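Heads up: the structure comes next, in structure tokens.
Throughout, residue positions are numbered sequentially from 1 according to the sequence presented. Computed from a predicted structure; not experimentally measured.
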Amino acid sequence: MALLLPLDPPGGKQNITGSFVDACDRSLVELLRIGMSILPGRPGSWFKPSAGHNRARAGNGIVYPVLGIVVCVALIYLMLGDFKFSPGKSQLSFVQRNGTQFVVDGRAFYVNGWNSYWLMDQSVEESSKPRVSEIFQTGAKMGMTVCRTWAFNDGAYHALQVSLGIFDERVFKALDWVIVEARRHGIRLLLSLVNNLQHYGGKTQYVKWAWDEGFGLSSSNDSFFFDPSIRSYFKIYLKTILTRKNHLTGIEYRDDPTIFAWELMNEPQCASDASGDTLQEWIEEMTEYVKTIDKKHLLTIGLEGFYGPVSPEEKQNINPGKWYSTLGSDFVRNSKVPYVDFASAHIYPDQWLVEADLNEKVEYISKWITSHIEDGEKTLNKPIMFTEFGLSTKAKNFEYSHRIIFYKSIFNKIHESARQNGAGAGALIWQLLVQGMEDYNDDYGIVPRERPSVDKLIKEQSCQLIAVRYGKNSVDKSSVIC
């Protein structure tokens with residue numbers, strides 16, 4: 001999905017003042033002062049010596065000092081417990097896979113979620129952090145459970161990776177905070193690790209860096225997939241992300257269940273090799289590498305779902321046109337890689353079928369969804385998640401009511417699959433924003449509460465999936481939402 005990238009603000013980057021760590025240091029100093037004041041006999045002590053204090057001290061000289069220290073340590077522990085070790089939720093389990101289903105705590109887990117690619121970017125500056133909290137709160141109120149967002153920004157404004165292998169700690173701390181804030185609102189994150197497109201750097205930036213440094217094999221964007229040096233630098237990026245220790249929790253990303261899954265790349269394509277071999281080799285190498293570092297999280301590729309030349313002709317005919325089989329990706333072949341835990345596909349009929357009317361688009365996406373769910377059940381034995389879907393305001397004869405029809409047709413297919421214990425594991429709407437984010441909007445953006453009919457539909461889908469997951473116990477689980 002093409003994105004709008006805001007320009008640098010006047011005056012360039014801003015420094016954040018009053019860091020979280022400074023605040024913690026001040027709190028600890030104050031706690032130590034209070035704790036020491038508990039010791040008996042000190043000026044201002046909460047414990048005042050009684051008439052028999054000296055006699056008691058003579059027989060139990062260590063009791064009061066130890067008691068004071070214990071209380072002090074307890075206070076510090078409790079304070080640290082609030083911000084350091086517990087983001088505000090009870091123990092969270094990792095999402096796992098059992099055949100064609102996601103599983104959490106022994107129950108099938110179906111996803112109704114959304115995309116907000118901008119979370120890390122908006123968390124760098126204190127002034128824009130409330131937008132992130134607001135979108136998490138809004139998603140949670142509608143019963144949504146997973147948000148897909150970028151865990152990359154290569155060389156752009158608020159870059160996480162400012163040059164090959166060099167990272168901006170301030171931006172990393174922003175991503176740390178996003179993860180903690182998501183956990184606080186009961187939201188899991190699907191973190192995408194690089195872009196096929198140029199927005200926020202992507203593979204183009206890696207190639208440019210390598211070419212400018214004089215060691216790149218080619219200036220072609222697709223050399224990202226076959227240049228050994230660029231592959232090595234991308235592995236450095238992967239290891240840096242996966243082993244990052246969150247400065248707020250002390251937990252490495254690879255050990256944090258708030259992260260639902262990793263997505264290797266947003267919409268990978270390698271059109272310079274239509275056979276698909278180049279991209280296939282890259283997927284095999286990178287997915288294996290990720291799993292050597294992180295065996296706890298699920299992993300997906302980030303595919304759009306197009307069938308390539310290796311797929312049977314009947315599958316290629318599902319593509320919106322013959323050209324889509326020449327992009328170097330192949331849904332089934334790529335998703336068969338053993339280190340890939342679930343497959344992904346996107347749904348954009350207004351981009352694929354420009355002249356079609358709404359009914360034709362809905363009819364087409366029904367076939368598209370059915371085909372991919374069948375692949376998950378009959379060929380891959382893996383869940384299928386539709387990680388982006390949307391309907392553009394620029395679509396032919398667009399009306400906002402069309403979105404209700406379009407979204408509902410997708411939700412119904414996911415709900416039907418869930419009821420049958422099928423491979424249709426969930427869908428993520430593209431994209432949700434909050435008011436005042438016009439620079440981040442595209443012609444697919446949705447601002448909750450602006451159109452209550454959309455909010456209502458999203459919440460209904462959440463409730464339907466809760467009912468499937470919990471069965472007769474769903475009333476207790478959904479009472480707050482439904």
Side-chain angles (χ1 to χ4, degrees), residues 1-3 5 150 152-156 161 163-165 192-238 262-290 299-313 315-337 339-340 343-346 348 351-352 354 387-388:
M1 168 57 60
L3 307 173
L5 181 61
W150 295 169
F152 63 83
N153 185 338
D154 304 304
Q161 186 174 211
S163 60
L164 285 172
S192 189
L193 298 170
V194 71
N195 208 352
N196 184 73
L197 307 172
Q198 292 186 25
H199 302 280
Y200 289 82
K203 68 179 184 183
T204 301
Q205 184 62 67
Y206 277 86
V207 173
K208 183 179 186 301
W209 278 332
W211 189 253
D212 290 347
E213 292 292 329
F215 60 79
L217 293 180
S218 167
S219 60
S220 165
N221 287 343
D222 284 349
S223 66
F224 176 84
F225 299 112
F226 61 76
D227 188 320
S229 297
I230 296 177
R231 285 192 185 199
S232 295
Y233 271 106
F234 185 57
K235 286 181 177 179
I236 291 173
Y237 185 85
L238 292 174
W262 302 109
E263 180 183 89
L264 199 58
M265 187 179 209
N266 175 49
E267 300 184 343
Q269 296 178 5
C270 186
S272 61
D273 181 7
S275 73
D277 292 344
T278 299
L279 183 58
Q280 180 71 12
E281 291 173 7
W282 182 85
I283 290 170
E284 291 172 355
E285 180 179 344
M286 295 304 165
T287 55
E288 180 180 13
Y289 182 73
V290 168
L299 177 63
T300 193
I301 301 168
L303 297 169
E304 297 164 276
F306 302 126
Y307 297 100
V310 176
S311 294
E313 184 176 355
K315 283 295 182 182
Q316 293 187 50
N317 290 336
I318 298 293
N319 287 339
K322 291 185 177 180
W323 173 76
Y324 292 91
S325 65
T326 68
L327 298 176
S329 62
D330 192 313
F331 176 75
V332 173
R333 181 189 183 191
N334 299 157
S335 301
K336 277 184 176 179
V337 173
Y339 305 104
V340 175
S344 69
H346 294 177
Y348 289 111
Q351 293 184 7
W352 303 338
V354 177
T387 50
E388 288 187 26

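The two residues S218 and S220 come nearest to each other via the heavy atoms OG-N, 2.9 Å. When all heavy atoms are compared, the tightest approach of N195 to M265 is O-CE, 3.6 Å. P309 and A274 get closest at one heavy-atom pair: CG-O, 3.4 Å.
Rounded to the nearest 0.5 angstrom, L327 CG and Y307 OH are separated by 14.5 Å. Here the OG atom belonging to S325 is positioned 13.0 Å from the CD1 atom belonging to I318, to the nearest 0.5 angstrom. Atoms CG and CZ, from D277 and F226 in turn, are 13.5 Å apart once rounded to the nearest 0.5 Å.
Side-chain contact between F152 and L193 is absent, with no heavy atoms from C-beta onward closer than 4.5 Å. With contacts defined as side-chain heavy-atom distances shorter than 4.5 Å, the pair F331/N319 does not qualify. Contact of the L303 side chain with the S335 side chain is registered, since non-hydrogen atoms from C-beta on lie closer than 4.5 Å. Y200 places none of its side-chain heavy atoms less than 4.5 Å from the side chain of N266. In this structure the side chain of P268 never reaches within 4.5 angstrom of the side chain of V194, judged on heavy atoms. At a threshold of 4.5 Å between non-hydrogen side-chain atoms, the residues E267 and L197 count as touching. No side-chain heavy atom of I230 sits under 4.5 Å from any side-chain heavy atom of Y233. Residues K315 and V332 are not in side-chain contact: their nearest non-hydrogen atoms beyond the backbone lie 4.5 Å or more apart.
Aromatic ring centres of Y289 and F234: separated by at least 6.0 Å.
Listed for the E284 side chain is no donor-acceptor partner under 3.5 Å among the backbone atoms of V337. Of the possible polar contacts, one joining the D330 side chain to the G308 backbone as a donor-acceptor pair under 3.5 Å is found. The backbone N or O of P228 sits less than 3.5 Å from a side-chain atom of S232, completing a donor-acceptor pair.
When each of D273, I283, L279 is tested with F225 by the rule side-chain contact (heavy atoms from CB on, under 4.5 Å), just one qualifies, namely L279. Of the candidates N334, I301, V290, V340 forms a side-chain contact (heavy atoms from CB on, under 4.5 Å) with just one, namely I301.
Ion pair K203/D222 flagged as a salt bridge, since at least one NZ, NE, NH1 or NH2 atom sits closer than 4.0 Å to an Asp/Glu carboxylate oxygen.
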Enumerate, atom names and distances included, each donor-acceptor pair closer than 3.5 Å involving a side-chain atom of residues 204-212, sequence neighbours excluded.
residue, atom, partner, partner atom, Å
T204, OG1, N221, ND2, 3.3
Y206, OH, Q161, NE2, 3.0
K208, NZ, D212, OD2, 2.9

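Applying the salt bridge (Lys or Arg N to Asp or Glu O under 4.0 Å) rule to pairs touching residues 223-235 yields R231-E285, K235-E285, sequence neighbours excluded. The salt bridge (Lys or Arg N to Asp or Glu O under 4.0 Å) pairs that include a residue from residues 301-313 number zero, where partners must be two or more places apart or lie in different chains.
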